Chemist: 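Okay, handing you the structure first.
Heavy atoms only: backbone and side chains are in, while hydrogens, waters and symmetry mates are out. Letters A, B, ... are given to chains in the order of the sequence lines, protein chains preceding strands, and every chain is numbered from 1. Values in this document were obtained by computation on a predicted structure and should not be read as measured data.
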Amino acid sequence: MTIRTRVAPSPTGLPHLGTAYVALFNRAFAHQHQGKFVLRMEDTDVERSDPTSDQAIQDALRWIGLDWDEGPDVGGPLGPYRCSERLSIYHDLIAELVAIGGAFYCFCTKERLDSVRADQRQQGHVPKYDGHCIGLSTQEIQSHIEEGKPHVIRLKVPTEGNCVFHDTLRGPIEIPWGQVDMQVLIKSDRFPTYHFAASVDDHLMEISHIFRGEEWLSSCPKHQLIYTYFGWEQPELIHLPLLRNPDHSKISKRKQSTSINYFRRCGYLPEALLNYLATMGFSMPDEREMFSFQEFREAFTPSRVSTSGPVFDLAKLSWLNGQYIRSLSHSEFKEKLGDWAFGDGRADSILRLVHDRTERFDDVFSQADYLLGERAILKAELFNHKKITSDDCVRVLYFSQLLLEQIKNWDSESEVISEAFKQLAELLELKFREFLFPLFVAISGRSVSLPLFDSIQILGLDVVNARLRSAINVLGGVSKKTAKRLDSEWHQLASQSIFTTKTN
RNA sequence: GUCCCCUUCGUCUAGUGGCCCAGGACACUGGGUUUUCAUCCCAGCAACAGGGGUUCGACUCCCCUAGGGGACGCCA
């Protein structure tokens, strides 16, 4: 049997550390066995999928050294490798599944489902589909469809007994069928859900082993059912532990930077980051902690993967990165640093901002320091201002994070960013000057710096977010309660118009 | 709330019944080398969640409790 593995990210945001983490194990395992490693884009969510993200994920995986044998750009014998290009496959198969009684049409409205689930929750039951449409006759279904009623197709799930499936690291796992929801397989927009697309594609792409995050453990019964209905053979499942925040919750961008690009922008070497990721949940037989992908690929075996969730520790990553940087030859060091600081036209963008503000060449670097490297370490006093309180500063910074996340065409003219911020200042009823103050401090470490929005653009979303977050923390952070309040305030502001029209 | 997964130093981990009154690494502390700093070297601090079994013997196997995490969407 040929070993085939895959990573299947959804192109709905910044390239995530977890994607690289999972890809690392899949690629190493496949290549250790002379197999193939596949990249598949799970763009099944039409609302959130975005070609920019699709591209960014590919770029990031390539940067870190995890390229693929088959994928959306390089093609391959079992393509296409993007879900949105495989719709007819899903439609054919779902028809088959309905025909053999493994799935059924459902015409329930969102309102009905919400109220059913609310009731179930209140009674302490697992919220799930109540089977309302399961007994519809062919004629009823036919007439509903002819009337143009919106509908989905759901998986038919047994009500009795347990589902038993096998995880390589954990052995057999038993989940009562009563816990499993009658998952939507085809949405009302005719797109498949992840569960259906992934199951179908893994089979058709002849995936033999799936290394993926532990978060998927509880949806295994659904996937297993689909395989059983079709009579397909199940791939071997290896659920990797979830990367954790320092507080041990699942790693999340609210608590720390999770974008691969952030680490790239901070000057981590791809080999070092990949090496560090490999030490999360895996250890070398000789306990060596510094090793190349090559060495990892040769030594890897699922039995050396641990099951408890590792905290992603920036201090240790930095130490490892230091080991790599110091082992570079001087010319390599010079070259890599140069690319990092000035590559991709960065020198031009930065120098254009500095040029007019320069009287002597020795002015240049002190002005641009926060664009070239980390900004000064912030102290709360830096945010003292006669007009704007510390609470206001937190508000501005918090909302700025939310606003920036909504801006999709980040790389276009900087007016997009400045316009959005102007509107935000207005909504917050703050003078633009005052509104900008905490942002200058957060981004540059100073209340006076090079133009803010150009700086934001040069630094990029990943770094800007990290700086905003650290500034908020310096100001005492945002409690869960406050965050909730600010979030709801944000929704109100957003509903008052603006951002969506201007920023997308 | 229900179900599932997990549990060795603060963190990453070694450990697959005796080699372990638990080893390594990061962080931290102290010392040494160095014109400062960093590197480097040496030393120190620090853990088997708790309780029951099984066994001649349990960090290792089983059960219970506790704690942590995840899932419960027409998100992935």
Chemist: Tell me whether the rings of A/Tyr105 and A/His151 are parallel (<30°), tilted (30 to 60°) or perpendicular (>60°).
Modeler: tilted
Chemist: Under 6.0 Å from the six-membered ring centre of A/Trp490 and within 45° of its axis: does the NZ or CZ of A/Arg485 meet both?
Modeler: no
Chemist: Between A/Asn275 (side chain only) and A/Glu289 (backbone N and O only), is there a donor and an acceptor less than 3.5 Å apart?
Modeler: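 Yes, because the side chain of A/Asn275 sits within donor-acceptor range (under 3.5 Å) of the backbone of A/Glu289.
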Chemist: Watson-Crick or G-U wobble partner for B/G10, using a 3.5 Å limit on both distances?
Modeler: B/C26
Chemist: Which is true for A/Arg288 with a 4.0 Å heavy-atom rule: it touches a base, it touches only sugar-phosphate, or it touches nothing?
Modeler: nothing
Chemist: Taking the minimum atom-to-atom distance to the side chain of A/Lys250, which one of B/C75, B/G70, B/A25 wins?
Modeler: B/G70
Chemist: Nearest to the side chain of A/Pro127, heavy atoms from C-beta on, is which of B/C72, B/G24, B/C74?
Modeler: B/C72
Chemist: Starting from C1' on B/G73, measure out to CD on A/Glu47 and report it in whole angstrom.
Modeler: 14 Å
Chemist: What is the separation between atom CZ on A/Phe312 and atom P on B/C12, rounded to the nearest whole Å?
Modeler: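 About 12 Å, once rounded to whole Å.
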Chemist: Provide, to the nearest angstrom, the distance between the CH2 atom belonging to A/Trp177 and the C1' atom belonging to B/C72.
Modeler: 15 Å
Chemist: Let me know the distance between CG of A/Asn275 and C1' of B/A25, rounded to the nearest Å.
Modeler: 12 Å
Chemist: Look at all strands and tell whether A/Cys108 reaches a base, only sugar-phosphate, or nothing, counting heavy atoms closer than 4.0 Å.
Modeler: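 Touches a base.
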Chemist: Within this structure, what is the CD-to-C1' distance between A/Glu215 and B/G69, rounded to whole angstrom?
Modeler: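 After rounding, the gap between these two atoms is 12 Å.
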Chemist: For atom C1', what is the distance between B/A27 and B/C45, given to the nearest Å?
Modeler: 12 Å
Chemist: Can you find an N or O donor on one side and an acceptor on the other, under 3.5 Å apart, linking the side chain of A/Ser188 with the base of B/C74?
Modeler: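 It does, because a donor-acceptor pair links the side chain of A/Ser188 to the base of B/C74 below 3.5 Å.
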Chemist: Given that A/Phe282 and A/Leu242 both sit by RNA chain B, which one's nearest nucleotide is further toward the 5' end?
Modeler: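 By nearest-heavy-atom nucleotide position, the 5'-most residue is A/Phe282.
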Chemist: Find the partner of B/C61: check Watson-Crick (N1-N3 plus N6-O4 or O6-N4) and G-U wobble (N1-O2, O6-N3) distances, both under 3.5 Å, and reply none if neither fits.
Modeler: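 The base-pairing partner of B/C61, which may sit in any strand shown, is B/G53.
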Chemist: Is the positively charged end of A/Arg27 above the ring of A/Phe293, judged by distance under 6.0 angstrom from the centroid and angle within 45° of the axis?
Modeler: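 Yes, A/Arg27 lies over the aromatic ring of A/Phe293.
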Chemist: Using a 4.0 Å heavy-atom cut-off to protein, can you give one letter per nucleotide of nucleotides 3-10 of chain B, 5' to 3': B if the base is in contact, S if only the sugar-phosphate is, - if neither?
Modeler: SSSSS---
Chemist: Using Watson-Crick or G-U wobble geometry with both distances below 3.5 Å, tell me the partner of B/G1, or none.
Modeler: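 B/G1 is paired with B/C72.
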Chemist: Using the side-chain heavy atoms of A/Arg244, tell me which of these nucleotides is nearest: B/A76, B/G68, B/C74.
Modeler: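 The nucleotide sitting nearest to the side chain is B/G68.
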Chemist: Grab the NE2-C1' distance between A/His239 and B/A71 for me, whole Å please.
Modeler: 11 Å
Chemist: Can you say whether the rings of A/His195 and A/His223 are parallel (under 30°), tilted (30 to 60°) or perpendicular (over 60°)?
Modeler: tilted
Chemist: Taking N and O atoms by type only, does the side chain of A/Lys316 place a donor or acceptor under 3.5 Å from a partner on the base of B/A25?
Modeler: yes
Chemist: Under 4.0 Å, counting only non-hydrogen atoms across every strand here, what does A/Gly322 touch: a base, just sugar-phosphate, or nothing?
Modeler: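 Here A/Gly322 touches no strand at all.
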Chemist: From the options A/His33, A/Glu70, A/His209, select the one residue that forms a side-chain hydrogen bond (donor to acceptor under 3.5 Å, both in side chains) with A/Arg4.
Modeler: A/Glu70
Chemist: Given B/A76, B/C26, B/G24, identify the nucleotide with an atom nearest to the side chain of A/Thr44.
Modeler: B/A76
Chemist: Please verify the inter-ring angle class for A/Phe25 with A/Phe300; under 30° counts as parallel, over 60° as perpendicular, anything in between as tilted.
Modeler: perpendicular
Chemist: Here's one to test your reading of the geometry: is the NZ or CZ of A/Arg264 within 45 degrees of the ring axis of A/Trp340 and under 6.0 Å from its centre?
Modeler: no
Chemist: Tell which nucleotide pairs with B/U39, taking only Watson-Crick or G-U wobble pairs whose two distances are both under 3.5 angstrom.
Modeler: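 Checking every strand shown, B/U39 finds no partner, since no pair has both distances under 3.5 Å.
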Chemist: In whole Å, I'd like the distance from the CG atom of A/Asp189 to the C1' atom of B/C74.
Modeler: 7 Å
Chemist: Please state how far atom CZ in A/Arg48 lies from atom P in B/G73, giving the value in whole angstrom units.
Modeler: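 So the CZ-P distance, A/Arg48 to B/G73, works out to 15 Å.
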